[in-house]
Amino acid sequence: MKIKAINGFKDILPEEVALWRQLETTAREIFRCFGVEEIRLPILEKTELFARSIGGTTDIVEKEMYSFTDKGITLRPEATASLLRAYIQHGFHVRQPVQRLFTIGPMFRHERPQKGRQRQFHQIDIEIIGGEEPAIDAELMAIGQLFLTRLNLEVSLEINSLGCTRCRPGFRKSLIQYLNDYKEQLCDDCKRRLNSNPLRVLDCKSRTCKALVQDAPSILDSLCDDCDRHFSTVQEHLDNLGVVYTLNRFMVRGLDYYCRTTFEFLTSDLGAQAAVAAGGRYDGLIEQLGGPKNTPGIGFAMGMERLTLLMEQQQKETVPVRANIFVAALGEAAIKHGSSLIYQLRKLGLRADIDYKDRSLKAQMKQAGRTNARFTLIIGEQELEQQKGILRNMDTKEQTPFPLLESTEHQAEQLRQLIRTS
RNA sequence: GUGAGCGUAGCUCAGCUGGUGGUAGCUCCGGGUUGUGGUCUCGGUGGUCGUGGGUUCGAGUCCCAUCGCUCACCCCA
């Protein structure tokens with residue numbers, strides 16, 4: 001019986017890693033320009049942290065967490081809670097009024113896997129803590145859009161406001177009232193949602209629910225003055241920065257802590273998983289977790305599996321990895337010389353390979369081709385004797401003698417010069 | 001948790017109403033080139049047909065169970 005990776009947990013293979021690195025590198029470059037600092041967080045936290053932040057009655061906390069119940073700890077299902085915990089624990093609020101932080105890593109949710117959804121999945125998570133100014137909301141979305149543009153990905157940005165603890169309850173009430181009149185026409189899921197989370201009915205996929213909800217009261221009409229002003233200023237700032245977006249009053253969030261501005265970067269190329277990045281404002285959360293009072297925050301997470309899937313689909317060419325030198329050595333003495341030489345080359349920071357199996361030259365040339373080497377240095381008994389290797393340019397097929405005099409260190413230096421100028 | 005569709009070589013897949021596992025393609029190894037790659041050509045390695053029962057003279061094929069995978073619902077990044 002072969003042992004396989006468990007369901008929902010995937011290996012990221014060498015040929016896939018290039019995409020992941022491209023994601024991470026691009027993120028780091030852009031975040032640096034925006035003054036966003038990296039923080040690295042543990043993947044295990046007290047279960048209570050997630051219950052208090054995400055919400056005790058959400059699906060994530062109720063049935064999707066990987067918990068060690070005997071120890072009261074849980075593999076994190078998302079990053080925001082951990083990041084805020086660290087922010088509070090280390091007293092970040094005294095460092096500077098507005099703190100920009102990001103983290104990259106695995107998250108865990110016990111859901112049924114499908115396209116773009118794994119049980120261990122990876123997110124790039126970014127949070128701006130300590131500012132409630134609408135300009136910050138706009139800046140955060142600009143970061144997301146710039147990042148996705150740099151990756152040559154085509155996605156759209158949709159935004160909405162969920163109001164705050166003052167205005168949302170009123171909207172909730174009027175929505176329930178409206179939906180109750182059409183209760184019989186709602187799908188089974190929405191009948192259930194009507195009690196548990198009525199806002200969710202707004203983004204139901206069922207056609208009849210969608211139609212019903214068109215004439216439902218709009219949350220944007222029931223925002224309090226502060227929330228309304230905040231949201232319209234956010235839009236002014238987005239326009240000011242040239243960030244393109246569309247309003248979607250049906251967009252809601254799955255986690256309890258969100259308020260005011262919410263947004264999603266969407267694609268139609270990933271089947272059911274439309275959102276490649278999503279987030280929003282959570283102004284009361286830090287205080288709720290025991291942090292300093294009146295500390296607002298906003299953030300979003302990008303799903304790396306979804307992004308790499310999109311990159312595979314939308315990006316045209318990938319740049320192949322090139323090796324610099326392959327040493328094709330025939331016979332024991334030549335292998336000894338070659339292994340010393342490639343070690344010197346590697347010390348100089350060059351990618352160099354050799355085949356220790358002492359196979360036929362044809363086989364070794366084939367291997368050289370596989371490593372995509374620029375040059376192959378052929379060393380046989382004759383070449384050793386005459387101290388003259390054959391250097392083959394793999395692209396032009398041109399072959400020139402290469403002196404095997406002095407030390408391999410010296411030879412490596414010669415080769416480095418040659419590669420630089422070629 | 002619910003529904004549907006698939007499990008045959010490392011990968012992609014043929015395999016008809018049950019009758020000996022495919023010269024299949026890709027990969028890998030070797031020959032053609034006594035010492036020269038990506039193309040070509042010839043040969044070779046590689047399988048408990050997911051697993052366990054059942055029906056049958058005979059099961060990759062039919063039946064049952066079970067495990068696994070995929071997509072979708074739910075939920076969410």
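Atoms considered below: every heavy atom in the structure, side chains included; atoms not considered: hydrogens, waters and symmetry mates.
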Novice: Should A:S53 and A:Q288 count as side-chain neighbours, where that means a heavy-atom distance under 4.5 Å?
Specialist: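 A:S53 vs A:Q288: side chains apart.
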Novice: Check this for me, if you would: do A:R200 and A:D59 make a salt bridge, where the nitrogen-to-carboxylate-oxygen distance has to be below 4.0 angstrom?
Specialist: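 No, A:R200 and A:D59 are not salt-bridged.
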Novice: If you check the A:Q382 side chain, which of B:G35, B:C28, B:G37 turns out closest?
Specialist: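 Of the options given, the side chain of A:Q382 lies nearest B:G35.
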Novice: Counting only side-chain heavy atoms from C-beta out, which of B:C76, B:C74, B:A77 sits nearest to A:R193?
Specialist: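 Minimum distance to the A:R193 side chain belongs to B:C74.
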Novice: Starting the side chain at C-beta, find the nucleotide from B:C75, B:A72, B:G37 nearest to A:M394.
Specialist: B:G37
Novice: May I have the distance from A:Q367 (atom CD) to B:G30 (atom C1'), rounded to whole angstrom?
Specialist: 15 Å
Novice: For A:K115, answer base if it contacts any base atom (sugar-phosphate contacts may also be present), sugar-phosphate if it contacts only those atoms, and nothing otherwise; contact means non-hydrogen atoms under 4.0 Å.
Specialist: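 The answer is sugar-phosphate, as A:K115 gets under 4.0 Å only of primed atoms, P, OP1 or OP2.
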Novice: Assign A:L307 to base, sugar-phosphate, or nothing according to its heavy-atom contacts below 4.0 angstrom with the strands shown.
Specialist: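 Nothing, no nucleic acid heavy atom in range.
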Novice: Please determine, for B:A59, whether a Watson-Crick or G-U wobble partner exists with both distances under 3.5 Å, and give it or none.
Specialist: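 Paired with B:A59, as far as the under-3.5 Å criterion goes, is no nucleotide at all.
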Novice: Between B:G60 and B:U55, how far apart are the two P atoms, rounded to whole Å?
Specialist: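 Rounded to whole Å, the distance is 16 Å.
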Novice: Strictly below 4.0 Å: does A:K205 bring a side-chain N or O up to OP1 or OP2 of B:C73?
Specialist: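 Looking at the OP1 and OP2 atoms of B:C73, one of them is under 4.0 Å from a side-chain N or O of A:K205.
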Novice: What nucleic acid atoms does A:G116 come within less than 4.0 Å of, heavy atoms only: base, sugar-phosphate, or nothing?
Specialist: base
Novice: Pull out every residue in residues 32-52 of chain A that has a heavy atom closer than 4.0 Å to any atom of RNA chain B, ordered by number, or say none.
Specialist: none
Novice: A:Y257 OH to B:A77 C1': how many Å, rounded?
Specialist: 11 Å
Novice: Taking atom OG1 of A:T103 and atom CD1 of A:I126, what is their separation to the nearest 0.5 Å?
Specialist: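 If I round to the nearest 0.5 Å, the distance is 11.5 Å.
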Novice: Decide whether A:Q367 and A:R370 meet the rule of one side-chain donor and one side-chain acceptor closer than 3.5 Å.
Specialist: yes
Novice: Contact class for A:E78 vs. all strands (heavy atom < 4.0 Å): base, sugar-phosphate, or nothing?
Specialist: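 Answer is nothing: A:E78 stays at 4.0 Å or more from every strand.
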Novice: Contact class for A:A328 vs. all strands (heavy atom < 4.0 Å): base, sugar-phosphate, or nothing?
Specialist: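 Contact class for A:A328: none.
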Novice: Looking at B:A77, B:C69, B:A72, which one has an atom nearest to any side-chain atom of A:N7?
Specialist: B:C69
Novice: Round to a whole Å and report the spacing from CG of A:D188 to C1' of B:G3.
Specialist: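 A:D188 atom CG is separated from B:G3 atom C1' by 14 Å.
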Novice: Looking only at atom C1', what distance separates B:C67 and B:G58, rounded to whole Å?
Specialist: 27 Å
Novice: Is B:U2 paired to anything, Watson-Crick or G-U wobble with both distances less than 3.5 Å, and if yes, which nucleotide?
Specialist: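 Across any shown strand, B:U2 pairs with B:A72.
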Novice: Below 30° counts as parallel, above 60° as perpendicular, anything between as tilted: where do the rings of A:F108 and A:Y66 land?
Specialist: perpendicular
Novice: Counting Watson-Crick and G-U wobble pairs only, both distances under 3.5 Å, name the nucleotide matched with B:U20, or none.
Specialist: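 Answer to the pairing question: none, since B:U20 forms no Watson-Crick or G-U pair.
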Novice: Starting from C1' on B:G35, measure out to CG on A:L361 and report it in whole angstrom.
Specialist: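 Going from CG in A:L361 over to C1' in B:G35 covers 5 Å.
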Novice: Within the pair A:Q114 and B:U70, is there a side-chain N or O less than 4.0 Å away from OP1 or OP2?
Specialist: no
Novice: Any sub-3.5 Å donor-acceptor pair from A:R374's side-chain atoms to A:I325's backbone N or O?
Specialist: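 Checked: no pair found.
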Novice: Between B:G68 and B:C74, how far apart are the C1' atoms? Round to whole Å, please.
Specialist: 22 Å
Novice: Just checking, is any N or O donor in the side chain of A:Q185 or A:T208 under 3.5 Å from an acceptor N or O on the other one?
Specialist: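 No, no side-chain donor-acceptor contact under 3.5 Å.
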Novice: For RNA chain B, whose closest nucleotide is more 5', that of A:R117 or that of A:Y258?
Specialist: A:R117
Novice: Output the rounded distance in Å from CD1 (A:I3) to P (B:C67).
Specialist: 19 Å
Novice: Can you find a side-chain donor-acceptor pair between A:E413 and A:Q344 that sits under 3.5 Å?
Specialist: no
Novice: Should the side chain of A:K366 and the base of B:G30 be counted as holding a donor-acceptor pair, with the cut-off at 3.5 Å?
Specialist: no
Novice: Nearest to the A:R112 side chain among B:G35, B:C76, B:A72, which nucleotide is it?
Specialist: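 When the side chain of A:R112 is considered, B:A72 is the closest of B:G35, B:C76, B:A72.
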Novice: For A:H337 and A:E383, what are the C-alpha separation, side-chain angles and deciding distance, and is it a side-chain hydrogen bond (donor to acceptor under 3.5 Å, both in side chains)?
Specialist: CA-CA 11 Å; A:H337 184 100; A:E383 286 76 19; over 6 Å; no
Novice: Look at the side chain of A:A278 and decide which nucleotide, out of B:A77, B:C76, B:G32, has an atom nearest to it.
Specialist: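 Of B:A77, B:C76, B:G32, B:A77 is nearest to the side chain of A:A278.
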Novice: Using Watson-Crick or G-U wobble geometry with both distances under 3.5 Å, which nucleotide pairs with B:U34?
Specialist: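 Pairing partner, where one exists within any strand: none, as none qualifies.
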Novice: From B:C73, B:A77, B:A72, pick the nucleotide closest to the side chain of A:R306?
Specialist: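 Per side-chain heavy atoms of A:R306, the pick is B:A77.
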Novice: How far does the C1' atom of B:G52 sit from the matching atom of B:A59, given to the nearest Å?
Specialist: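 Taking atom C1' in both B:G52 and B:A59, they lie 15 Å apart.
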Novice: Write down the distance separating the P atoms in B:U66 and B:G30, rounded off to the nearest Å.
Specialist: 48 Å
Novice: Closer than 4.0 Å, any side-chain N/O of A:R370 to the OP1 or OP2 of B:C28?
Specialist: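 Yes, because at least one side-chain N or O of A:R370 sits under 4.0 Å from OP1 or OP2 of B:C28.
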Novice: Using the C1' atom as the point on both nucleotides, what is the distance between B:G54 and B:C76, in whole Å?
Specialist: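 It comes out at 44 Å once rounded to the nearest Å.
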Novice: So does A:R359 get a side-chain nitrogen or oxygen closer than 4.0 Å to the phosphate oxygens (OP1/OP2) of B:G35?
Specialist: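 Result: no.
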Novice: Paired with B:C28: which nucleotide, if any, by Watson-Crick or G-U wobble criteria at under 3.5 Å for both distances?
Specialist: B:G44
Novice: Of all the choices, B:C75, B:G35, B:U36, which nucleotide is nearest to the side chain of A:M365 once you look at every atom?
Specialist: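 Between B:C75, B:G35, B:U36, the one nearest the side chain of A:M365 would be B:U36.
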Novice: In whole Å, what is the span from the CD1 atom of A:I60 to the C1' atom of B:C74?
Specialist: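 Checked: the CD1 to C1' distance equals 13 Å.
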Novice: Report the distance from atom CG of A:D355 to atom P of B:U36, rounded to the nearest whole Å.
Specialist: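 These atoms are roughly 16 Å apart.
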Novice: Between A:E264 and A:K4, name the one whose nearest nucleotide on RNA chain B is closer to the 5' end.
Specialist: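 It is A:K4 whose nearest nucleotide is closer to the 5' end.
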Novice: For A:E111 and B:G3, give me the distance from atom CD to atom P, rounded to whole Å.
Specialist: 19 Å
Novice: Using the C1' atom on both, measure B:A14 against B:G7 and round to a whole Å.
Specialist: 15 Å
Novice: Kindly assign one of parallel, tilted or perpendicular to the pair A:H122 and A:W20, based on the angle between their ring planes and the thresholds 30° and 60°.
Specialist: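 If you compare the ring of A:H122 with that of A:W20, the planes turn out perpendicular.
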Novice: If we count only N and O atoms by modelled type, under 3.5 Å, do the side chains of A:Q145 and A:Y245 hold a donor and an acceptor together?
Specialist: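 A:Y245 and A:Q145 do not have a side-chain donor-acceptor pair below 3.5 Å.
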Novice: Could you check which of B:G32, B:C76, B:C74 has an atom nearest any side-chain atom of A:R109?
Specialist: B:C76
Novice: Angle between ring planes, A:Y182 versus A:Y178, binned at 30° and 60°: parallel, tilted or perpendicular?
Specialist: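 A:Y182 vs A:Y178 ring planes: tilted.
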Novice: With a non-hydrogen cut-off below 4.0 angstrom, is A:A277 in contact with a base, only sugar-phosphate, or nothing?
Specialist: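 If one applies the 4.0 Å heavy-atom cut-off, A:A277 turns out to touch the sugar-phosphate alone, with no base involved.
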Novice: Tell whether A:E62 reaches the base of B:G1 with its side chain through a donor-acceptor pair below 3.5 angstrom.
Specialist: no
Novice: What integer number of Å spans the P atoms of B:G3 and B:G44?
Specialist: 49 Å
Novice: Taking atom types as they are modelled, is there a donor-acceptor pair under 3.5 Å from the base of B:U36 to the side chain of A:Q364?
Specialist: no
